[in-house]
Amino acid sequence: MSLSNDHSSVDSIANIAPTPILVFHSPDDWLAPIDQGRALFDAAGEPKEFVEVPVAGHPVVTLRPAERERLLRFFDECLAE
């Protein structure tokens, strides 16, 4: 099995609206530059939220308590709707 870059997330993300989207991204992400994360966020429909994570590298968001709490709050908000 191989992966392909034929799919454009930026071209597709608006199609899932009005599903809520929470984007976490680090300005120091070496794998996916933050401008790519912002472009994806900008292309998304509402409701959406962008959270800049102050972690070097390609972070695992759930390792930091503040981001883990934000993710859990996002799930609670989605389930309450």
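Worth saying up front: this structure is predicted, and the values here are computed from it rather than measured.
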For L40, side-chain contact (heavy atoms from CB on, under 4.5 Å) partners two or more places apart: S9, V10, I13
Minimum heavy-atom distance F41-V23, with the two atoms named: CD1-CG2, 4.2 Å
Heavy-atom pair of closest approach, residues G45 and A17: CA-CB, 3.9 Å
Taking every non-hydrogen atom, the tightest pair across K48 and A44: NZ-O, 3.0 Å
Gap between atom CG of L31 and atom CD of Q36 - 0.5 Å precision: 8.5 Å
H25 side chain to A32 backbone, donor-acceptor under 3.5 Å: yes
With F24 via side-chain contact (heavy atoms from CB on, under 4.5 Å) - residues at least two apart: L22, V51, V53, V61, E67, R70, L71
Joint cluster assignment, L72 & F50, ILVMFWY side-chain distance < 4.5 Å: no
